[in-house]
Each structure stands twice: as structure tokens, then as C-alpha cells.
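Just below is one structure, and these are the notes that go with it.
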Amino acid sequence: MADILRKESFVLPEGVIYLDGNSLGPMPKAVAARVQGMLTDEWGEMLIRGWNAAGWMDQPSRVGQQVARIVGAEAGSVVMGDTLSLKVFQALAAAVKMVPDRRVILSDTGNFPSDLYMAEGLVGLLEQGYELRTVAPEEVLDAIDESIAVVMLTQVDYRTGRMHDMNELTKAAHAKGAVMLWDLAHSAGAVEVDLAGSNCEFAIGCTYKYLNGGPGAPAFIYVRPDLVDTIQPALSGWLGHRQPFAFDLNYKAGEGIERMRVGTPPVIQLTALEVAMDLWADVDMAQLRAASVELQEQFIAEIERDVPALTLASPRDSSVRGSQVSFRFHEGYAAMQAVIERGVIGDFRAPDIMRFGFTPLYLDSGDISAAVAIIADVMNNNLWDQDKYKVRSKVT
Ligand SMILES: *Cc1c(COP(=O)(O)O)cnc(C)c1O
């Protein structure tokens, strides 16, 4: 565990125990100077020459390589850009085209709403009888039949942390002739992922959660290398064109994963992410996962020992849980606000989930015990029961 911990590499405010790195990772210390340098020396001095001279144009694939390692993807199979919601649309649009005789997109009711909304938008656009079908997470396996075109799942449930078996479900999808699309939003940088080994066709994810790329950091998309050159991008922007600077009047998809690029990359944001990803270069994901499970088990044991009002909402079996632990409490919003005011930052998800993320790069066992003591004080002394904690902010 000693090797995994690198607290000194992050900006962590005094008096804060941060259990929300699953939603927005903290800032790596090296980011501020590098971004300042990019602004001054690159944008400031180079102006438009920066696209070539500072390597801005290659950044989406370069950072994609860093992300590929963390999710067990083949080299050259991942590219960065846009936000995750757009990547859902892009991957799903490509996936349904691969199975032209079927009309059903299968997902589950534990999926993050934006993924379902984007699927609804695509279904509305396609017409022709397309349908989004959602079933309970535990019923997905049985719901995969020969009518399914695409199985679209988020591996780790954003509320409960429940984790799907990627290999098993991908195999089941393929056995029925369906295409598999995984959303790794709560997996990348949180659990061991073997994308190449899973054999899925598509994967997507974001980088502002466990990967610490900063608010608004771009998403990633993976397409299995043996079929990427057959994919017709629906978001056919100029930077996914084979020769963007030929300015042809017609779209011709670019080579390999480059075709999943759309428009001008967010260079400032990618610069921050690239620095954040440097931190991951020597992180062993198996070791990180083991440390995460250890922290979670400690948290669950101590909460259940000291805080009787909270009920575990996450799977008890750590092998089917991502890197977060959730508890239910009927006044969960107010309770979380009171806990946050005392320096333990987690978050709340409707209707009654208090959610805590575990990130072994900057949390240790002492932090867990200190956090539990504060949560116990708030809960056991009803400190949350004040009007000021019950006013809902725009972002929960
Ligand atoms: C966080 C998250 C999103 C957010 O999408 P953005 O477009 O980046 O805002 C989407 N899907 C899942 C599964 C998520 O966890």
C-alpha cells in the first residue's frame, strides 16, 4: 500500500478528507504550473503555431495512449474528446449500424440517466422502429436474446457501486449476435479493467472522476482495433476526416481510432489531463484495486460498528463492488451537507443515497477512521437536523 499512496502529489485542502474522487478527482500538484506554462509559452508565444510546434493536434491520441494502459486497451485504440454523453451517442450510433437487422438497444435501470437519455435521442433520430429497453441490472443476462442489437451498460453503478461482470456479459452478448458497449465512467482508474481481454466492440468513459483530469476534462472512446476501420462515424467532424486539411467537400473517415475524433480538441483541458495521467504511469492497477478494497472494507466495518442509522446500499461482496460505498439514510441530503461542513466530502444521490468514493492514491487508513468519527458524530447526535442542511443546491 505504501507504493500506491502519493498524497504529496495532490492538492488536498487542509482539514478536508476527500471521499468524492469518484465524482471529481482532486488536482494533481503538477497541473497548475504546466497549464500556466502552456498558456504562457504555447498559446501566448506560439499562437497558432502551437498546433504543430507544441503537439496540440496529436494530444487526443497521445493522452488516449495513457488512458489505454489504465483500462487494458490495445495501443492505438483509444482517443480523447468531447464529453461522455457525446461519446455514448457516438459509440451507440456506430454500434447499431453493425447489426442492421435488429432494433433493440438493451440497458439497465442502474445506468446513469445521461446514457439512457442519449440513447433515447438516438432512437428518436433513427426512427425505423428502434427501441431502448431497460431491465433491472440483475436481469440483464437473461434479457440478452436474438432481438438485441446492442447491449449498453455502465460497469459500475453510480449509486450503489454494484459492478457488472464485463467478460461474462460481453460473452453473452456475442453469443446472441449483439454488439457490446461498456461505459467505464466509474471503472477507469478505480478497478482493474482488461478491455482487450473482454473482446467488447466499444468502450467509453470520462476522465474527471478517478483519473483526476479536472472539471470538464474530455472523455475517451475505445473501438476494438480489428473493426475500427469498418466503423462509420455518425459525428463526422473534420478532425475525424482522413485528411482534415484537404478540405474535401465530402467526409472520408480517418485511419483507425482517429475517425472517432470530431472537432477542435480542448487543449487547455487536455494539458491538465496529460499531467494528471503522468501520475498514473507507474500505478499498478492490481495493487490499486487491492488497496481500494482494503479501505472500503475498513469503512464499512467502522460505519456498521459506530453508526447504526446508516444501511449499506452497496454490495457487501467486494468482488462485485467498484471503488465506492453507499449508505442509505432517509435524510441523506441533509446528513451529507452536515458531514461536508465538518470536512468529510462525499455526495448525495437521490432519493436517499450517501455516497463515498475510495481513492488509494491519496487516502489511507487513518483518513478512513477520521472520516467515520465525523460521520458518527453527525449521525449519532442528529447534527444534520437543521434547516440549513436541507436546502438543496443545484449540484448535489
Ligand atoms: C459521470 C457520468 C456521465 C457524465 O457525462 P458527461 O457528458 O461527462 O457529463 C455519463 N455517464 C456515466 C455513466 C457517468 O458516470
Side-chain angles (χ1 to χ4, degrees), residues 7 10-27 110 112-114 156-162 185-186 190 206 208-210 212-217 292 295-296 298-315 321-396:
K7 257 187 203 192
F10 292 90
V11 177
L12 296 164
E14 213 31 62
V16 164
I17 300 172
Y18 196 59
L19 305 181
D20 215 0
N22 52 310
S23 201
L24 176 68
M27 182 169 73
F112 190 78
S114 196
V156 176
D157 186 300
Y158 74 105
R159 272 180 304 211
T160 64
R162 186 257 324 122
H186 295 275
C206 52
Y208 48 79
K209 292 172 178 162
Y210 292 92
N212 314 309
S292 156
L295 294 174
Q296 294 179 66
Q298 182 194 344
F299 185 73
I300 293 172
E302 293 185 7
I303 289 282
E304 292 192 330
R305 182 192 67 199
D306 296 345
V307 194
L310 297 182
T311 315
L312 186 64
S314 297
R321 194 174 67 225
S323 201
Q324 65 173 70
V325 174
S326 301
F327 283 91
R328 288 186 201 285
F329 179 61
H330 58 93
E331 286 282 355
Y333 182 81
M336 186 54 87
Q337 295 311 304
V339 167
I340 290 170
E341 193 174 275
R342 289 160 179 81
V344 176
I345 302 185
D347 60 21
F348 169 80
R349 286 291 173 267
D352 60 356
I353 296 272
M354 296 174 73
R355 187 171 74 152
F356 303 93
F358 295 86
T359 46
L361 298 188
Y362 52 86
L363 286 173
D364 60 26
S365 154
D367 295 320
I368 303 308
S369 296
V372 171
I374 289 171
I375 296 165
D377 182 40
V378 165
M379 300 305 301
N380 298 339
N381 298 309
N382 289 329
L383 303 180
W384 56 268
D385 195 5
Q386 296 183 51
D387 289 344
K388 66 170 177 176
Y389 296 135
K390 297 178 187 173
V391 183
R392 300 248 174 147
S393 303
K394 192 164 181 179
V395 176
T396 63

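Throughout, numbering of the chain's residues begins at 1 and tracks the sequence.
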Minimal non-hydrogen separation, [X] against [Y], with atom names:
X: P215; Y: L24; answer: N-CD1, 3.6 Å
X: I340; Y: I345; answer: CG1-CA, 4.1 Å
X: R328; Y: D352; answer: NH1-OD1, 3.1 Å
X: V378; Y: A338; answer: CG1-CB, 3.8 Å
X: V325; Y: Q296; answer: CG2-OE1, 3.6 Å
X: G161; Y: P315; answer: C-CD, 4.4 Å

Return yes if some donor-acceptor pair links the side-chain N/O of [X] with the main-chain N/O of [Y] below 3.5 Å, else return no.
X: N382; Y: D385; value: no
X: Y158; Y: G110; value: no
X: N381; Y: L383; value: no
X: Q298; Y: S365; value: yes
X: S326; Y: S314; value: no

Roughly how far, to the nearest 0.5 Å, is the [atom2] atom of [Y] from the [atom1] atom of [X]?
X: E331; Y: K390; atom1: CD; atom2: NZ; answer: 5.0 Å
X: M379; Y: F329; atom1: CE; atom2: CZ; answer: 3.5 Å
X: D157; Y: F112; atom1: CG; atom2: CZ; answer: 11.0 Å
X: L12; Y: L363; atom1: CG; atom2: CG; answer: 8.0 Å
X: Q324; Y: S292; atom1: CD; atom2: OG; answer: 10.0 Å

pair [X]-[Y]: side-chain heavy atoms closer than 4.5 Å:
X: Y18; Y: F10; result: no
X: R321; Y: I300; result: yes
X: M336; Y: W384; result: no
X: I375; Y: L310; result: yes
X: F356; Y: I303; result: no
X: N380; Y: P308; result: yes
X: S393; Y: F348; result: no
X: V372; Y: I374; result: no

*Sole residue of K209, R355, R159 in salt bridge (charged side-chain N to carboxylate O under 4.0 Å, His left out) with D347*: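 Single pass found, and it is R355.
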_Holding to ring pair (Phe, Tyr, Trp, His ring centres under 6.0 Å), I want the full list of residues that pass it with Y210, two or more places apart in sequence or in another chain._
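With neighbours one apart ignored, the set is empty.
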*asked:* Assess the residue pair T359 and N22 against the criterion (side-chain contact (heavy atoms from CB on, under 4.5 Å)); give the C-alpha distance rounded to whole Å, side-chain angles, the decisive distance to 0.1 Å, and a yes or no.
replied: CA-CA 8 Å; T359 46; N22 52 310; 6.0 Å; no
*Do any pairs count as a salt bridge (charged side-chain N to carboxylate O under 4.0 Å, His left out) and have a residue in residues 298-315, sequence neighbours left out, and if so which ones?*
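The answer is E304-R316.
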*For D387, does the CG atom have more than 12 heavy-atom neighbours from other residues, nucleotides or ligands under 6.0 Å away?*
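No - once you tally the heavy atoms of other residues, nucleotides and ligands closer than 6.0 Å, there are 12 at most.
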